[in-house]
Amino acid sequence: MTAAKVFEYIGRMDRRAVYAVIAAALVIPILLQWRLRPAEMKSAKKFFDFVESLPADDGRIVLISADWGPSTKAENEPQTEVLIEHLMRRRIPFAMVSCTADAEPFLRDLPERVARRLNGENPRERWEYGRDWVNFGYQPGWSIMIQKMAAADDIRQALGTDARGTPLTEVPCMKNVKTIKDIKLMAEFTGLVGAFGAWVAFFQTNEYRPPMAHGCTSITIPEAYIYLDSGQIVGLHEGIAGAAAYSDMLSRKYEGRGPDRAIVTNTALAVAHVAVIVLIILGNIGMAVARSRPAGSAAGGGMAVQAGGEGRG
Amino acid sequence: MSDWLYAWLPVFVGGIATLAIYSFLVKENAFYRFFEHLYIGIAAGFGVVFAVQRFLWPQFARPMLGYDRNFFASGMADRPWRSWYLIYLLPFAFGTLYYFIYSRKHQWLSRLVISWSLGVSGGFALKGFFAEYMPQIIMSFKPAVAVETVEREVLVRFGGIEKRLPPDAEITGGRVELYRLGPSRKRLVVRGKDGDVEEITGTPVRYDPAKGEIRIRKEGGAGVGEEVAIKPADVLAETDLPPAGGTGAPGGGEAYEGYGGSHIYKAYRVLKPWDPSTVGRHRRFAAGKEAEEAVKAALSAPGLDAAARVAAVEKALGRRLSASEIETVAGIAAGSGAEGKGSGALREGGAGGGDGKEDGREAGKGGPEAKPEAGDGGTKGGAPKKAATPEEALASLMKWSLGDFAPVPENNAGVELTVRRDGQVRDAHRELEWETAAREQVGIKSWELSPETLRLWFDRPEINFGVILRRTDGVGGSLLHRFASSAHPDADLRPRLTIEYRVPSAPAEKRALVLQQGREGYDEACEVVLVSSRPDREPSGPELLLGASALRHDGKLSVNWLSSGGTIANWIFLVTLICVMTYFLFSFEHSRPVVREASQAGRWLMMICFGAFFGSTIMARMALLVERLQFLIEKWLPSLWGAV
């Protein structure tokens, strides 16, 4: 078989074969738990540095709004998880909240999972619900709820109880938290278009707007950059790559830190990207070869079209 | 058994469902269709339950019916139920009008609800528009040039001085010290086994994989341009040093390396209280400016005698004036603003009245070290002084000068860095030892404070607003400078204020009071270090696409056409903009070669942009696939295998 025929064959490759190649490119790094060091990202570094600069014991909290569900879990979960871990390691108390009902199980499980891991790594220390974090749960109303929190004279009274039904006035880490001024960082993670905009627009008073950070899915990065450039956010997680870069910074800061999934996911994604690029190049070569042959002798070019059509799903 | 089943069943069903959904990639099939419908049904059911459980009951029915009250054992409630709670039913009933959308005859009723919802949403959108978009609009007005960075300030304040110094202490000097934490780019200290210590600063370090060597080019001194090759290849991960940057400090002041350049921070006493959570550059300087205008008016006001002018200035400043300041202000009054008519005024820092008298309020406070500022023409001990002009007095009073502070270069400690995580790295072949440190650190940076300032803080703690360390000059640009704060886990690295003093009972003995959070019981928690940036917003200087800024610290535009930080990106932006506009907007015939080529380029550039966006789309979809595969491989398969 000549090289021209090989390229021609690749150009006519069935789309299911393309899926199989991509699946293999993704599965192998996961099976091998392959961890390539992620690229440094300026936006994630800003995020990390800002969290590093936060005082730990001033009685104020960080508010994390996890406005995501299973549909964007792949990217938003590692983003939220690395921030939670960083805050826990620095003993900065935080509150979890969500404007989407889908996030409810993650609000509960994610901090507990990180706490279990940290408790395992550091047997002499304890991370506990109530002292290190609190779960406000799913709060309906979105922009109305955001405005209610921002304007509240006492956020604890405005929200009433945590997700477990405990009055917020009795939760230790909420002891000194009354108004929006007691929130030293507001971090929002979502894959929904416009979700973060509601926080930017409404979570403020005339006197104070907490510093904000954002984690978005890859598809909304161009939008999120506007907030970063305008200085409305202090840091950004750009998809899974941002989470992986943050995870890498955590590993460099905390010796003996156990592995998390962000870097494996990012590695698998990188391998799959290479596979996609190679397939696109081969497909286009196949198309060119097919065109250069006399009409009617071959049909090609499907590869490039099929690869291009993938993203519309 | 049941626990195992509860743990296993969701994973099993999840795995089957995942495979079913992805089976669509092969072709449309019944397996896929079933699980698609199942998913939609579950989502709908979940939504109903959530609406009732999380909204209708807790936020509507429960408070309306009074079930959110607490009941005592006797059956009494902690508050009475009031019938006007039923007013909740009105908006609820109004909302249910939405269901008339299914009635052809009464459909108009649903439009009421829809129009209400749209109106509310429109109102919110308008309300939120300014908060969300105005900063973006403002920041979009950026010049297409690249540049230097804007300055960042560090604010430091120590409290409790008056509680810890003996009342009769004679303060002779002091300094504020901050520990600068290293940025991600670091410098190296190389220690030879023969005891030599070689500090390599601002040095490019690169790795030659072919030889397995790290090559370091030394800068400065006799070793200019000399390359040293060493072989501990596994330190690579941490040796991403910046290109060589200047280390000089033109104009004096405190200098240290930032990212690829030296920066100079100078210290200013803060005149107004500030809230570290909200303080911003503009607000703070506006406060300073406001005070400045008030003082200026008080100094220039006609027809005031000395006492009235002093009172007016004190009111404007919000504090009492020192003896020398009173003398300065009174001198203006005596001279009626005329210059050169000696009333013996001294400028800031002067001690001893110009006419040989000392104000009783300030006696002894200035201390023997207090000096008249150079150039003020004054002399100590009673020689006649030149009267200050209102402008000179203003400069003296506002203290936005450097008179109080001077750098302490000997405290610029050497630097150490973390070379790798697991400890020291040695290389026996080259007799070099890479010293590692537990922390990324650059060293203590120190600024001296005058005895007058410290005495003032001692006497008047209510006007101790700390100092601002403000970047005033320097080479290169960085938006990030990190100092250890008062919450730093290592107490030795926290901000430190040292006050040197003597007591009358032992005048020859020099003593020092060190205030540092966590040290010797000092827990005033008053010192605050703001690092990196203002916490609530980025500096207002226009930043360019790649984060460079167009404003210098003096507010002037700085143009550096050769900078790679922002110029290239902005030119690319500009060219793309013109080309794409040519392609789309200029609907004239593209017959001229320039227009035609620009239009073609616009089309290509646009395709590149679409490609980038398309890549993001692919990435998001593929990330989802990765997550599902991880679930299948790490949870489902082992679970299935265990079950079988």
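Sequence lines set the chain letters: A, B, ... in the order given, protein chains first and strands last, and positions in each chain run from 1.
- Counting non-hydrogen atoms of neighbouring residues, nucleotides and ligands closer than 6.0 angstrom, the OH atom of B:Tyr39 reaches no more than 12 such neighbours.
- For A:Pro70, the part lying near chain B is the backbone, with the side chain staying farther off; criterion is any non-hydrogen pair under 4.5 Å.
- A:Leu31 contributes atom CG, which lies 9.5 Å from atom CG of B:Leu629 (distance to the nearest 0.5 angstrom).
- Annotation: ring-ring contact (aromatic ring centres under 6.0 Å, His included) contacts of B:Trp57 (sequence neighbours excluded): B:Tyr67.
- Between the side chain of B:Glu627 and the backbone N or O of A:Glu75 there is no donor-acceptor pair closer than 3.5 Å.
- Side-chain rings of B:Tyr22 and A:Tyr19 stay apart, their centers remaining 6.0 Å or farther from each other.
- When the candidates A:Gly160, A:Ala101, A:Ala20, A:Pro78 are compared by the number of heavy-atom contacts under 4.5 Å with chain B, A:Ala101 comes out ahead.
- Looking only at heavy-atom pairs under 4.5 Å with chain B, the residue among A:Glu104, A:Arg91, A:Glu238, A:Met249 that has the most is A:Glu104.
- In the displayed structure, A:Lys148 atom NZ is contacted under 6.0 Å by more than 12 heavy atoms of other residues, nucleotides or ligands.
- Only the side chain of A:Ser143 comes within contact range of chain B, with heavy atoms under 4.5 Å apart.
- For A:Arg16 against B:Leu25, the heavy-atom pair with the smallest separation is CG-O, 3.7 Å.
- Put simply, CZ on B:Phe124 and CD1 on A:Ile144 are 4.5 Å apart, with the number rounded to the nearest 0.5 Å.
- Only the side chain of B:Phe50 comes within contact range of chain A, with heavy atoms under 4.5 Å apart.
- Of the two parts of A:Ile22, only the side chain, counted from C-beta on, holds a non-hydrogen atom closer than 4.5 Å to a non-hydrogen atom of chain B.
- Residue B:Glu132 holds its CD atom at 10.0 Å from CD of A:Gln204, rounded to the nearest 0.5 Å.
- For A:Ser71, the part lying near chain B is the backbone, with the side chain staying farther off; criterion is any non-hydrogen pair under 4.5 Å.
- Contact count versus chain B (heavy atoms, under 4.5 Å) is highest, among A:Ala268, A:Ser218, A:Ala201, for A:Ser218.
- Shown here are the salt bridge (Lys or Arg N to Asp or Glu O under 4.0 Å) partners of B:Arg628, two or more places apart in sequence or in another chain: there are none.
- In terms of heavy-atom proximity, B:Gln630 sits nearest to A:Val264 at NE2-CG1, 3.8 Å.
- Atoms CG and CG, on B:Leu625 and A:Leu269 in that order, are 9.5 Å from each other to the nearest 0.5 Å.
- Interface residue A:Tyr138: backbone and side-chain heavy atoms are both found under 4.5 Å from chain B.
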